[in-house]
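Encoded as structure tokens, the structure appears first; notes follow it.
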Amino acid sequence: MKSLMNFDTLIESLKASPAVDGLMLIGSASQDTLNAHSDRDLLIVLEERPIPISYATIYCAGILVELIIETRERIENLIASEPGSISLSDSAASFFRWVPSGTVILDRSGCLERLRGRIAHNEICPTLSEGESLSRADKAHYNLAQTRRMSNSPDPLYQRAVDLRMLYQLADLMVDYFNLRGMAWAGEKESIRYWQANDPAYLELFTACYWEPDRGERVRLYGELVRVTIEPAGFYWDGDGPMFRLSPSSMMTREHLLEAREFWKSLVSEGHKESTANRFAVD
């Protein structure tokens, strides 16, 4: 049964609770994009979190409300973080997009305004490390290679599997496009708005790919989409030699990938004179 409590009543109840340190409207709820079909996004900052809840979704008088639940300690840690220490893959990365334009409703300790100030002055900004970027490129390469392999099979089961793969592979690329360009993923509507304003060619290619009825042509378009999406990573695999994945991801650097290729060559080449163990020993 949907809650009869309306959104304004929810806000007032949370404001009255001593366990709540801060409240901020984020997303369309704090912008001029709010309309009758919009949900409501509310950041709740708790004094402490006795139960490890981070998100909740409820209905308020028929309106879908998303609650992002954090602690004051977590916000303070973000404020004190060093530049470059927060990854775009971290769930907190979305704060850096929403907090600057959010509407503060309650801020007992002042942590929300202090976080907004540090973000506004570019003192802290989420980034994607080289290792994370190349790991995302590697995953896209892997997905493309497997999809091409399966699409070449005459087996109907393989062909249907390609259709299923496209569902999550395109979803991955949506997020990768922004992360690889130093931006946090902000949802489908914001992505479309961004592409319309800044990269209409990408939006056209993406749309063509997911609407293409011919499976072979869809796979071809997907390959082009992979190439364009991961371009900022600066490391494209054309199938000539292996594409390596190094662990941990911090080892995924261009230098180490080139070393891995040289190591591979030493393994498969004939008549090499020195042992690979000595040549590539790690101090």
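Everything numeric in this text was worked out from a predicted model, so none of it was measured.
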Notebook entry, point to check: Nearest 0.5 Å, what's the CZ-CE distance between R116 and M24?
Noted result: 4.5 Å
Checklist line | Test ring-ring contact (aromatic ring centres under 6.0 Å, His included) applied to Y142 - qualifying residues, sequence neighbours left out | finding: none
Note to self: Restricting to non-hydrogen atoms, name the atom on N179 and the atom on W185 that form the minimum distance, rounded to 0.1 Å.
What the structure shows: ND2-N, 3.8 Å
Next item on the list: Start with the C-alpha gap between D90 and S87, add the side-chain angles, then the distance that decides, and say whether side chain to side chain donor-acceptor pair (under 3.5 Å) holds.
Entry: CA-CA 5 Å; D90 191 309; S87 170; over 6 Å; no
Check: Counting distance only, does the side-chain N/O of E47 pair as donor-acceptor with the main-chain N or O of R72 below 3.5 Å?
Finding: no
Item checked: For E66 against Y55, the heavy-atom pair lying closest together -> OE2-CD2, 4.0 Å
Notebook entry, point to check: Can you name the closest pair of heavy atoms from V65 and L67 and give their distance?
Noted result: CG1-CD2, 3.6 Å
Next item on the list: Identify whether Y168 and M150 are in the same connected component of the hydrophobic contact network (ILVMFWY, side-chain heavy atoms under 4.5 Å).
Entry: no
Item checked: Under the side chain to side chain contact (heavy atoms under 4.5 Å, CB included) test, residues paired with P248 that sit two or more places apart -> S250, M251
Note to self: Taking the side chain as everything from C-beta on, heavy atoms only, tell me whether L42 gets closer than 4.5 Å to I26.
What the structure shows: no
Checklist line | Cationic N near anionic O, under 4.0 Å, E70 to R49 | finding: yes
Notebook entry, point to check: Listed by chain and number, what are the ring-ring contact (aromatic ring centres under 6.0 Å, His included) partners of W195, not counting sequence neighbours?
Noted result: Y177, F178, Y202, F206
Check: Hey, any chance V162 and L157 share a hydrophobic cluster, counting ILVMFWY side chains that come within less than 4.5 Å of each other, even indirectly?
Finding: no
Check: Can you get from V268 to L258 by hopping between Ile, Leu, Val, Met, Phe, Trp and Tyr side chains that sit under 4.5 Å apart?
Finding: no
Note to self: With heavy-atom distances below 4.5 Å as the criterion, would you say the side chains of H141 and I230 are in contact?
What the structure shows: yes
Check: In Å, rounded to the nearest 0.5 Å, how long is the span from CZ of R114 to OG of S109?
Finding: 5.5 Å
Notebook entry, point to check: So do the side chains of L225 and L221 get within less than 4.5 Å of each other, counting heavy atoms only?
Noted result: no
Next item on the list: State, yes or no, whether a side-chain contact exists between L170 and M174 at a heavy-atom distance under 4.5 Å.
Entry: no
Next item on the list: Return yes if some donor-acceptor pair links the side-chain N/O of R118 with the main-chain N/O of S81 below 3.5 Å, else return no.
Entry: yes
Next item on the list: Measure the CZ-CD1 distance between F96 and I86 for me, rounded to the nearest 0.5 Å.
Entry: 3.5 Å
Next item on the list: Quick one: pull up CG in L164 and OG1 in T147 and give me the separation to the nearest 0.5 Å.
Entry: 11.0 Å
Item checked: Minimum heavy-atom distance M166-R218, with the two atoms named -> CE-O, 3.8 Å
Check: In the single-linkage hydrophobic clustering (I, L, V, M, F, W, Y; side-chain heavy atoms under 4.5 Å), do L267 and L257 co-cluster?
Finding: yes
Notebook entry, point to check: Between I58 and L10, is any pair of side-chain heavy atoms under 4.5 Å apart?
Noted result: yes
Notebook entry, point to check: How about R193 and Q196: does a side-chain donor come under 3.5 Å of a side-chain acceptor?
Noted result: no
Checklist line | Qualifying residues under side chain to side chain contact (heavy atoms under 4.5 Å, CB included), relative to E255, sequence neighbours excluded | finding: T253, E259
Checklist line | Pairwise distance CG(L106) to CG(L14) - rounded to 0.5 angstrom | finding: 9.0 Å
Notebook entry, point to check: Under a 4.5 Å cut-off applied to non-hydrogen side-chain atoms, are I68 and I44 in contact?
Noted result: no
Margin query: Please determine whether the number of non-hydrogen atoms from other residues, nucleotides or ligands lying under 6.0 Å from atom CZ of R149 exceeds 12.
Written below: yes
Next item on the list: State, to 0.1 Å, how close L180 and A233 come at their nearest heavy-atom pair, and which atoms those are.
Entry: CD2-CB, 4.4 Å
Next item on the list: For E76, look at atom CD and say whether over 12 heavy atoms of other residues, nucleotides or ligands are found less than 6.0 Å away.
Entry: yes
Checklist line | Among I79, N77, T71, side chain to side chain contact (heavy atoms under 4.5 Å, CB included) partner for I75 | finding: I79
Notebook entry, point to check: Rounded to the nearest 0.5 Å, how far does CG of L112 lie from CG of L23?
Noted result: 8.5 Å
Next item on the list: Sort and list the pairs that fulfil salt bridge (Lys or Arg N to Asp or Glu O under 4.0 Å) and have at least one residue in residues 132-145, not counting sequence neighbours.
Entry: R136-D176, D138-R245, K139-D172
Notebook entry, point to check: Are V226 and Y210 connected, step by step, through hydrophobic side chains (Ile, Leu, Val, Met, Phe, Trp, Tyr) whose heavy atoms are closer than 4.5 Å?
Noted result: yes
Check: Which heavy atom in S135 sits nearest to a heavy atom in M252, and how many Å separate them?
Finding: OG-CG, 3.6 Å
Notebook entry, point to check: What pairs of residues pass the salt bridge (Lys or Arg N to Asp or Glu O under 4.0 Å) test when at least one of them lies in residues 198-215, not counting sequence neighbours?
Noted result: D163-R215
